[in-house]
Amino acid sequence: MRLSRYFLPILRENPKEAEIVSHRLMLRAGMIRQEAAGIYSWLPLGLKVLQKVAEIVREEMNRAGAIELLMPTLQLADLWRETGRYEAYGPEMLRIKDRHEREMLYGPTNEDMITAIFRSYVRSYRELPKILYHIQWKFRDEQRPRFGVMRGREFLMKDAYSFDVDEAAARLAYNRMFVSYLRIFARMGLRVIPMRAETGPIGGDQSHEFIILAETGESAVYCDAGVLNLPIPDETIDYDGDLAPIVKQWTSLYAATEDVHDAERFARETTEGQRIETRGIEVGQVFFFGDKYSKPMNANITGPDGVERPFQGGSYGVGVSRLVGALIEANHDEAGIIWPASVAPFKVGIANLKVGDAATDAACEKLLAALEAAGVDVLYDDSADRPGAKFAKLDLIGLPYQAIVGPKGLAEGRIEIKTRASGERVELSLDEAIKRLIAS
RNA sequence: CGGGGUAUAGCGCAGUCUGGUAGCGCGGAAGUUUUGGGAACUUCAGGUCGCAGGUUCGAAUCCUGCUGCCCCGACCA
């Protein structure tokens, strides 16, 4: 992609409304634009990252055996009255009426709807287990949105729902999602810790929050340093196998958010020097909630014993849009963003230091064509900006590799490859550089 | 939802106290010279001063009401 044809509105100065670093960098890098408090347009660069994050979530959900569908953003109030949640949810729920004065709402979550879908088709335990999920925009009318996309009112979320005949089977679904979450965040280069958590207004009796440790996090968290070094299951993990040992390994060390933190237990179960007290950003949550929705909504299935009973359910969320902000909180420096390769909007940025110089232009064109032909996502800065401005721009948007092409280097037959994360620079011939950028 | 701010050009701000032709920096356009870490000079364009009332010969400025946005707290994926 040529920058001259792209849409990348970079801001040189810090917008005053942005307090935390991810919000500031997303605005400056032209990723998002605020339309109202907690509501954003996703500009091309931001959208690419959002889609990459969503795709990783989707791949890992599918790998774990979950099935994707798509439910609407708008829901009928009557559906929520069946579970009593229309009244219970409070002003966080955005309520609207259609032209027929029917009461509707912009969904803050989808337990009620998925339960309605499930009960209208599934009658027998033979069709279980099932895990259904979708990736859809939600709306919660937060009293005070802040931190950019980390706590917006409109947000993109992956929510999965499990359906099982009994509690033992439901625990298996819980474990599947738990393990798949370990992989999702690891693939984004994030060290995420599952912590015991409160269940909140969605309810339930078992829950873990998946937390990124960050000084700028929203809540205080406490954990044993040992959880930082636990192994992540690789892609050969068998989701039909016994996952309980993995879950047990990850949940036996102390890790809790402030809501459920117990200072005495923390002191007792951890040793001096192994205690971490910091702040965290929640990026995912898993719940087991049993028949909380199936019972009031009469979502019954017939078991092997011929007896009808409500299914046992769980729900499993990942804050997809929030993750984009969280990724920046975890990966940046003074100059800007440092994208992990798996979610970077482009893998390579080419800086043409002297647009109009025949040799420099030709080298850049060759590099661009070779990389694009190899399927490498590449952004070519062909603007007339001065070199310093191009360097600053590339550092800001944080692409993993920068290919710096100027007349001085080309005179010696070399271009420079800079690795954004380490700052390391190597000088290579054009052909070597092409090979290196494709291979890395 | 309590407390505190703020609203003037695309962005960041001054001007408001003490009413009298709307300013600065960055950014944008044109040109010249530049060209390896956010260039210099010249010229130009760009604003119903958040909205609605009021006071006044005259309001960005004073008064009243409303709204948006931000920060702290409570709340929350």
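Naming: A, B, ... by sequence-line order, numbering from 1 per chain. The figures that follow rest on heavy atoms only: side chains count, while hydrogens, waters and symmetry mates do not.
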We want to know whether [X] and [Y] form a side-chain donor-acceptor pair, criterion being a heavy-atom distance below 3.5 angstrom.
| X | Y | answer |
| --- | --- | --- |
| A:S4 | A:D382 | yes |
| A:Y40 | A:Q34 | yes |
| A:S219 | A:E282 | no |
| A:R275 | A:T270 | yes |
| A:Y380 | A:N352 | yes |

In whole Å, measure the gap between the [atom1] atoms of [N] and [M] for me.
| N | M | atom1 | result |
| --- | --- | --- | --- |
| B:G58 | B:C41 | P | 44 Å |
| B:A60 | B:U21 | P | 10 Å |
| B:G10 | B:G28 | C1' | 8 Å |
| B:C13 | B:A7 | C1' | 13 Å |
| B:G37 | B:C69 | C1' | 35 Å |
| B:G47 | B:U8 | P | 15 Å |
| B:A40 | B:U34 | P | 16 Å |
| B:C51 | B:G68 | P | 15 Å |

From [options], pick the nucleotide closest to the side chain of [X]?
| X | options | result |
| --- | --- | --- |
| A:A389 | B:G37, B:G38, B:A77 | B:G38 |
| A:E17 | B:G37, B:G12, B:C71 | B:G12 |
| A:R140 | B:C71, B:C76, B:C70 | B:C76 |
| A:R146 | B:A77, B:U35, B:C72 | B:C72 |
| A:R12 | B:U35, B:A74, B:G27 | B:G27 |

Strictly by Watson-Crick or wobble contacts shorter than 3.5 Å, is anything paired with [N], and which nucleotide is it?
| N | result |
| --- | --- |
| B:C41 | B:G31 |
| B:C1 | B:G73 |
| B:G46 | none |
| B:A7 | B:U67 |
| B:U21 | none |
| B:A59 | none |

Just call it for [X]: base, sugar-phosphate, or nothing, with non-hydrogen atoms closer than 4.0 Å on any strand.
| X | answer |
| --- | --- |
| A:K418 | base |
| A:G38 | nothing |
| A:G406 | base |
| A:E218 | base |
| A:G409 | base |

**Study point:** Nucleotide-resolved protein contact map, nucleotides 2-10 of chain B, B/S/- at heavy-atom distance under 4.0 Å
**Key:** ----S----
Check your understanding: With the threshold set at 4.0 Å, does a side-chain nitrogen-carboxylate oxygen contact exist between A:R183 and A:E60?
Key -> yes
Exercise for review: Would you please confirm or rule out a distance under 4.0 Å between OP1 or OP2 of B:G38 and any side-chain N or O of A:R386?
Suggested key: no
Review point. Are OP1 or OP2 of B:C70 and a side-chain N or O of A:Q34 less than 4.0 angstrom apart?
Key: yes
Using whole Å, report how far [atom1] of [X] lies from [atom2] of [N].
| X | N | atom1 | atom2 | answer |
| --- | --- | --- | --- | --- |
| A:R33 | B:C69 | CZ | P | 13 Å |
| A:E35 | B:G68 | CD | C1' | 14 Å |
| A:D357 | B:G36 | CG | C1' | 13 Å |
| A:L394 | B:G36 | CG | C1' | 13 Å |
| A:I417 | B:G36 | CD1 | P | 19 Å |

Distance criterion of 3.5 Å, no angle test: do you see the side chain of [X] paired donor-to-acceptor with the base of [N]?
| X | N | answer |
| --- | --- | --- |
| A:R414 | B:G36 | no |
| A:R151 | B:C75 | yes |
| A:N14 | B:G12 | no |

Please work out which of the three classes, parallel, tilted or perpendicular, describes the rings of [Y] and [X], given edges at 30° and 60°.
| X | Y | answer |
| --- | --- | --- |
| A:W80 | A:Y89 | perpendicular |
| A:H261 | A:F266 | perpendicular |
| A:H134 | A:Y161 | tilted |

Revision key, fill the gap. Between A:E258 and A:E416, the residue closer to the 5' end of RNA chain B by nearest nucleotide is A:E416
**Study point:** Residue mapping more 5' on RNA chain B - nearest nucleotide basis, A:I10 or A:A36
**Key:** A:I10
Review point. Looking at A:F346, is A:K48 sitting on its ring face, NZ or CZ under 6.0 Å from the six-membered ring centre and within 45 degrees of the normal?
Key: yes
